[in-house]
Amino acid sequence: MKTQQKQERFQRGLRALRNYCIFFLTMCFVVTCCMMMFLQVMRRVTGIELQKEHIESAAELTFITIVVLSLICALIDYLRRKIMIDRPVKSIASAAEKVMAGNLSVRIEPIRGINPNDGFQTVIDSFNRMTEELSKMETLRTDFIANVSHELKTPLSVMQNYGTMLQQPELPAEKRIEYAKAITDASRRLAAMISNILKLNKLENQTLFPDIKTYDLGEQLCECLLGFEDIWESKNLDIQTELQENVRVTADPEILCLVWNNLFSNAIKFTEPGGTVSLTLETQEDWAVVKVEDTGCGISSEVGKHIFEKFYQGDTSHAAQGNGLGLALVKRVIDIMNGEIFVSSEVGKGSIFTVRLRREPDGSI
């Protein structure tokens, strides 16, 4: 450390000497040229011839003046660099080292006395915005890891516990079947969660590129809804549909299926037996508007603000049936398709999810 400090002081001394020499030589050149022109003009105009002793005396005085002016200029330049360059550079470098060490809360205070046009304040503002965004991303990453760990732990614990109970030699056949089914359900949930994580990661990193096609949106909605027929029949739900014909959209049908499957799954899951789930498709100007409505438990306005965040589950009583990734996946897909999604809900009365997608101009009759 001491050796490094000595080297830094030596380098600063060399820079100061170099700057002084530059100023001295510059002053010598400028003053010499000015004096020669002055003497030439004075001799031509007045006809006075200067004596040798006069010139020597003037040269000595000029040399001293140049030395003093060079020192003053070098000192002014040193102070200027110290205040206007070294100080902000050290502040930025120190903050950057803290960021590299993992401290994303660091911010650089505005430095007084800096010329706003010299660019340093712009760099400082950009640095502060960068660390703020990095801090948000780190918080999201930490929360994501914590939530993933928690969500993975739950089905694994179920599988471990039931696997242990299956090892009992005197376990009745019906219990063995029950425990095996519990393990199968937990493994399916685990596989679905991992699949959703991978899909969401690909979508967010833009490594899953949409395969755009023009197709009939009503047909796709019917196909996706029929995939849940066994579930809604087992819960004795009333399914109501009102689909406008020949509504065509240009989108990726495969990843858009993720949207409809998640919305239908949630609507059926959160609707009590004997309830109603409604699906409507209509056109509004250049938009194809899909509404999925249920008479389930509904959500509060506070929950509605976070419902599209990863792993957020407003109703923990149904947490065993999901992993909080579905609506985050839905939101990302809708964003990629340049669409919009809204939720309107009231606790105890149900929810309405509205999706708006650009449609083909002549796609509706």
* Lys NZ or Arg CZ of Arg358 over Trp287 ring: under 6.0 Å, within 45° ->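 Yes, Arg358 sits over the ring of Trp287.
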What's the spacing between [X] [atom1] and [Y] [atom2] if we round to 0.5 Å?
X: Glu132; Y: Leu104; atom1: CD; atom2: CG; value: 12.0 Å
X: Ile212; Y: Ile255; atom1: CD1; atom2: CD1; value: 7.0 Å
X: Ile268; Y: Leu263; atom1: CD1; atom2: CG; value: 11.0 Å
X: Leu279; Y: Leu243; atom1: CG; atom2: CG; value: 5.0 Å
X: Cys224; Y: Asn261; atom1: SG; atom2: CG; value: 4.5 Å
X: Ile124; Y: Arg107; atom1: CD1; atom2: CZ; value: 13.5 Å

* Which pairs count as side-chain hydrogen bond (donor to acceptor under 3.5 Å, both in side chains) when at least one residue sits in residues 218-229, sequence neighbours excluded? ->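 Every pair satisfying side-chain hydrogen bond (donor to acceptor under 3.5 Å, both in side chains) with a residue in residues 218-229: Tyr215-Gln220, Gln220-Trp260.
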* Inter- and intrachain pairs under side-chain hydrogen bond (donor to acceptor under 3.5 Å, both in side chains), touching residues 172-187, at least two apart ->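 Qualifying pairs, neighbours excluded: Lys181-Asp185.
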* Do the non-hydrogen side-chain atoms of Trp232 and Leu226 ever get within less than 4.5 Å of each other? ->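 With C-beta onward as the side chain, the pair touches.
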* Considering residues, nucleotides and ligands other than Phe127, do more than 12 of their heavy atoms fall under 6.0 Å from its CZ? ->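 Yes, enclosed.
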Just checking, any donor-acceptor pair under 3.5 angstrom between side chains of [X] and [Y]?
X: Glu282; Y: Gln284; value: yes
X: Thr250; Y: Thr214; value: yes
X: Gln240; Y: Thr276; value: no

Would you say [X]'s side chain and [Y]'s backbone share a donor-acceptor pair under 3.5 angstrom?
X: Ser278; Y: Glu293; value: no
X: Thr131; Y: Asn128; value: yes
X: Arg359; Y: Glu285; value: yes
X: Thr164; Y: Gln160; value: yes
X: Lys235; Y: Thr271; value: yes

* To do: Would you kindly confirm whether Leu225 and Val289 end up in one hydrophobic cluster when ILVMFWY residues are joined by side chain heavy atoms under 4.5 Å apart?
  =>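 Different clusters.
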* Are Ile352 and Val347 connected in a single hydrophobic cluster, I mean Ile/Leu/Val/Met/Phe/Trp/Tyr linked by side-chain heavy atoms less than 4.5 Å apart? ->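 Each belongs to a different hydrophobic cluster.
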* Glu360 and Arg248: CA distance, side-chain angles, deciding distance, salt bridge (charged side-chain N to carboxylate O under 4.0 Å, His left out) verdict -> CA-CA 6 Å; Glu360 289 300 295; Arg248 302 179 66 81; over 6 Å; no
* To do: Test side chain to side chain contact (heavy atoms under 4.5 Å, CB included) on Asn266 and Val292 and set out the steps.
  => CA-CA 10 Å; Asn266 286 341; Val292 179; over 6 Å; no
* Run the side chain to side chain contact (heavy atoms under 4.5 Å, CB included) check on Lys98 and Ser94 step by step: do they pass? -> CA-CA 6 Å; Lys98 292 178 181 178; Ser94 176; 4.0 Å; yes
* Begin from the C-alpha positions of Ile299 and Ser351 and carry the test side chain to side chain contact (heavy atoms under 4.5 Å, CB included) through to its verdict. => CA-CA 7 Å; Ile299 57 176; Ser351 304; 4.3 Å; yes
Minimum-distance pair of heavy atoms, taken over all atoms of [X] and [Y]:
X: Ala288; Y: Val247; result: CB-CG1, 3.7 Å
X: Gly163; Y: Ile183; result: N-CD1, 3.6 Å
X: Leu237; Y: Glu272; result: CD2-O, 3.3 Å

* Asked: Under the side chain to side chain contact (heavy atoms under 4.5 Å, CB included) criterion, do Leu357 and Met337 qualify, and how do the steps go?
  -> CA-CA 7 Å; Leu357 297 169; Met337 295 293 108; 4.2 Å; yes
* Arg129/Asp125 under salt bridge (charged side-chain N to carboxylate O under 4.0 Å, His left out): CA gap, chis, key distance, verdict -> CA-CA 6 Å; Arg129 288 196 299 270; Asp125 293 339; 5.3 Å; no
